[in-house]
Amino acid sequence: MITRFPPEPSGYLHIGHAKAAIIDEEYAKMYNGKFILRFDDTNPEKAKLEFYEAIKEDLNWLGVKPQIIENTSDDIEKLYDYARKLIEKGLAYVCICKPETIKSNRIKGIECNCRASKVEDNLEKWEKMFKVFSKNEAILRFKGDMKSLNTAMRDPTLFRILDIPHPLKGYKYRVWPTYDFATPIKDSLDGVTHALRTKEYELRDELYFSILRALGLREPILLEFSRLEMKGSILSKRKIRELIQQGIIESWDDPRLATLRALRRRGYFPEAIREFILSIGVSKVESEPTWDLINSINRRIIDAKAKRLFFVSNPIKVKLESFPKERISVNYHPDRDLGKREIKITQNLFFEIEDLEKFNLDDKFRLMGLGNVRLIQKEDLPIVKFEGFELDHRLKKIHWVNEDSLPFEVFVPLNLVQDGEINRDSLKVIRGKVEDSIKKLNVGEIVQFVRFGFCRIEANNKAIFAHK
RNA sequence: GCUCCGGUAGUAUAGUCCGGCCAAGUAUACUGGCCUCUCGAGCCAGGGACCCGGGUUCAAAUCCCGGCCGGAGCACCA
């Protein structure tokens with residue numbers, strides 16, 4: 001079994017691409033086959049050099065490892081040969097009608113005069129496409145069926161003229177094949193046995209096989225699956241570009257997006273993405289999974305690895321009285337041995353104001369890792385008095401930081417789409433103080449801020465929230 | 001509009017091809033309880049679904065017909 005993942009190098013990969021790539025790879029693995037990464041770079045107007053590398057990087061991070069990496073643009077000459085064969089067989093013709101005419105004829109199901117021209121004329125015009133004609137003056141079309149109910153069969157375009165440099169080939173070619181022509185031939189030539197693609201291509205199956213049959217080439221098995229949508233997210237390249245232009249989001253790795261780069265920034269593990277994709281499966285059912293599904297998988301994976309740290313939002317200064325020790329030692333994890341950190345007990349501590357407000361004067365509660373305290377003054381500078389170390393499960397427990405704690409920001413991505421509308425306020429910034437042991441951790445580490453959630457450290461003063 | 005493809009709990013899926021073991025399994029979410037130095041994890045329990053209508057059959061989530069709803073395609077993009 002040989003499968004292939006054919007992204008166009010015109011943007012960053014998102015979780016929808018991950019679905020295709022992972023399914024392709026898993027199928028090949030299951031049958032001890034091969035998996036090909038093919039850059040579908042037949043449109044020099046869209047392909048950009050940076051994306052070839054970016055896509056490889058992202059796939060590598062995802063843990064998807066192709067055995068073969070190739071570009072459709074490496075085989076343009078072969079595709080020219082097949083085009084010529086088709087013309088010689090009278091199965092393709094050069095159309096010199098105006099684009100508008102072609103369009104309206106297609107809608108009406110009318111054949112144009114070019115379709116009736118002789119093979120020799122077509123061959124001559126085909127040659128002229130390389131030198132004489134310019135863009136929009138001539139295209140090579142497949143002789144399908146202008147009356148077919150399947151509009152993909154109404155003499156689709158096989159080659160068009162594009163006078164723009166290609167990121168890999170420069171000005172070497174100006175006649176470029178379309179997806180509809182390049183894909184079946186490449187698949188067949190590459191030995192692809194099972195070509196998987198998303199549902200919106202279903203109507204093109206007939207064309208795919210017609211081209212292969214016309215050329216006498218081996219026919220792979222075509223399989224389609226539904227496109228992945230995520231609740232509250234935007235995957236469309238076009239729409240993301242608009243959002244960036246409008247300044248609503250910052251970049252392609254904005255944590256509100258579902259690009260692989262964004263997921264990585266938030267602390268999603270590749271294993272979680274894979275498990276999630278496999279749980280979704282390959283059916284044609286249109287579904288819109290919620291983030292809960294992937295979050296719970298990711299949580300299971302990172303729960304064991306994430307150090308627990310105290311981050312206090314909306315801090316309020318509170319005086320601590322009668323504490324007998326100068327420093328305490330607190331484990332990084334409740335049940336895994338991830339080490340511990342020393343915390344200096346300063347005269348004043350900081351609590352979350354929301355926590356403090358819930359307590360009444362004389363209430364007893366516990367400062368996690370430190371001990372039990374009683375609130376003996378609530379106004380002005382609140383004061384708590386130490387009352388002992390012994391654990392009492394009935395006591396409410398809160399987290400806290402000391403005076404050496406550092407200013408810190410957590411970026412919390414919310415749904416970018418809410419009730420069908422773009423939510424402009426979808427990136428919440430929560431400011432607060434974090435214990436200074438954050439300095440010992442590395443950028444990229446996943447932590448759990450106690451009673452807050454899992455976050456990935458982005459800098460020594462900033463983290464991005466993944467999920468609860 | 002025409003054509004094609006879908007429709008199982010709130011969400012995502014298993015089961016549909018080859019009808020019976022499905023008074024429908026699992027995950028997630030939710031609710032309650034236990035446990036816990038986190039609002040995290042873990043454990044236990046609970047409610048919750050076969051789009052509708054006909055037909056075939058001893059038997060239908062599964063096969064057939066009709067309808068309804070949803071999505072996609074109709075480019076010199078992929």
Side-chain angles (χ1 to χ4, degrees), chain A residues 6-11 40-43 45-47 72 95 97-99 102-103 106-107 109 129 133 135-141 148-154 156-162 175-180 182-183 197-206 224-231 237-238 275-276 278-297 299-300 302-304 306 308-311 330-331 333-336 355 365-372 389-393 395-399 448-454 467-468:
Chain A
E8 182 184 40
S10 62
D40 227 334
D41 54 352
T42 57
N43 184 354
E45 290 179 346
K46 288 169 79 185
T72 306
C95 182
C97 295
K98 288 193 163 68
I102 294 173
K103 188 169 185 174
R106 215 180 244 129
I107 292 166
M129 277 180 71
F133 290 124
K135 187 182 172 176
N136 290 335
E137 283 183 350
I139 54 171
L140 185 71
R141 300 177 72 179
S148 174
L149 290 176
N150 180 355
T151 46
M153 292 303 292
R154 318 248 257 230
T157 306
L158 266 23
F159 283 86
R160 77 289 210 199
I161 298 167
L162 257 21
V175 178
W176 288 95
T178 58
Y179 168 87
D180 285 322
T183 299
R197 53 184 183 180
T198 44
K199 247 185 14 157
E200 65 265 26
Y201 291 105
E202 269 178 317
L203 275 319
R204 316 190 92 78
D205 286 8
E206 189 183 353
E224 273 105 11
F225 56 86
S226 62
R227 218 185 156 109
L228 178 60
E229 305 279 348
M230 295 295 288
K231 190 116 197 137
K237 235 181 258 180
R238 203 197 77 235
E275 194 179 326
F276 169 68
L278 295 177
S279 80
I280 294 301
V282 281
S283 79
K284 291 187 185 178
V285 182
E286 295 131 19
S287 61
E288 204 179 30
T290 52
W291 286 89
D292 285 342
L293 264 0
I294 187 169
N295 288 352
S296 78
I297 296 170
R299 186 183 299 123
R300 201 182 65 227
I302 64 181
D303 184 62
R308 271 54 173 176
L309 243 57
F310 294 154
F311 164 70
V330 182
N331 287 333
H333 197 284
D335 37 57
R336 304 259 167 175
D355 278 337
F365 53 96
R366 185 170 181 88
L367 301 182
M368 292 176 67
L370 185 150
N372 309 325
F389 293 108
E390 70 290 349
L391 254 179
D392 181 347
H393 293 311
L395 286 183
K396 168 92 180 142
K397 298 168 199 86
I398 67 165
H399 60 293
Q448 188 201 40
F449 290 131
V450 170
R451 301 210 296 146
F452 185 88
F454 292 97
H467 48 73
K468 278 259 177 203

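None of these values were measured; they are calculated from a predicted model. Keep in mind that the numbers below use all heavy atoms, side chains included, and drop hydrogens, waters and symmetry copies. Naming convention: chains lettered A, B, ... in sequence-line order (proteins, then strands); numbering from 1 in each chain.
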query: Ignoring hydrogens and angles, are the base of B:G70 and the side chain of A:E286 linked by a donor-acceptor pair under 3.5 Å?
result: yes

- request: Give the intermediate values and the outcome of side-chain contact (heavy atoms from CB on, under 4.5 Å) for residues A:F159 and A:T178.
  value: CA-CA 6 Å; A:F159 283 86; A:T178 58; over 6 Å; no

- request: To the nearest Å, give me how far apart NZ (A:K284) and C1' (B:G6) are.
  value: 9 Å

- prompt: Atom NZ of A:K199 and atom P of B:G71: how far apart are they, to the nearest Å?
  reply: 11 Å

- prompt: Atom CG of A:D335 and atom C1' of B:A41: how far apart are they, to the nearest Å?
  reply: 7 Å

- line: Heavy-atom closest pair (A:R154 atom, A:I107 atom, distance to 0.1 Å) is NH2-O, 3.2 Å

field: Gap in Å between the two C1' atoms, one belonging to B:C69 and one to B:U31, rounded
entry: 31 Å

query: Base, sugar-phosphate, or nothing for A:E288, non-hydrogen atoms under 4.0 angstrom?
result: sugar-phosphate

message: Does the plane of the ring in A:F311 sit parallel, tilted or perpendicular to the ring in A:F452? Use 30° and 60° as the thresholds.
response: perpendicular

message: Between B:G54 and B:C18, how many Å separate the two P atoms, rounded to a whole number?
response: 26 Å

statement: Taken to the nearest whole Å, NZ/A:K397 to C1'/B:C37 is 6 Å

query: How close or far is atom P of B:A29 from atom CG of A:L293, stated in whole angstroms?
result: 9 Å

For A:R141, side-chain contact (heavy atoms from CB on, under 4.5 Å) partners two or more places apart: A:Y93, A:C95, A:I102, A:R106, A:C112, A:I139, A:M146, A:D155

Spacing of the P atoms in B:C35 and B:C39 (rounded, Å): 14 Å

Listed nucleotide nearest any side-chain atom of A:S287, set B:U13, B:A78, B:G40: B:U13

query: What's the CD1-C1' distance between A:I280 and B:A14, to the nearest Å?
result: 13 Å

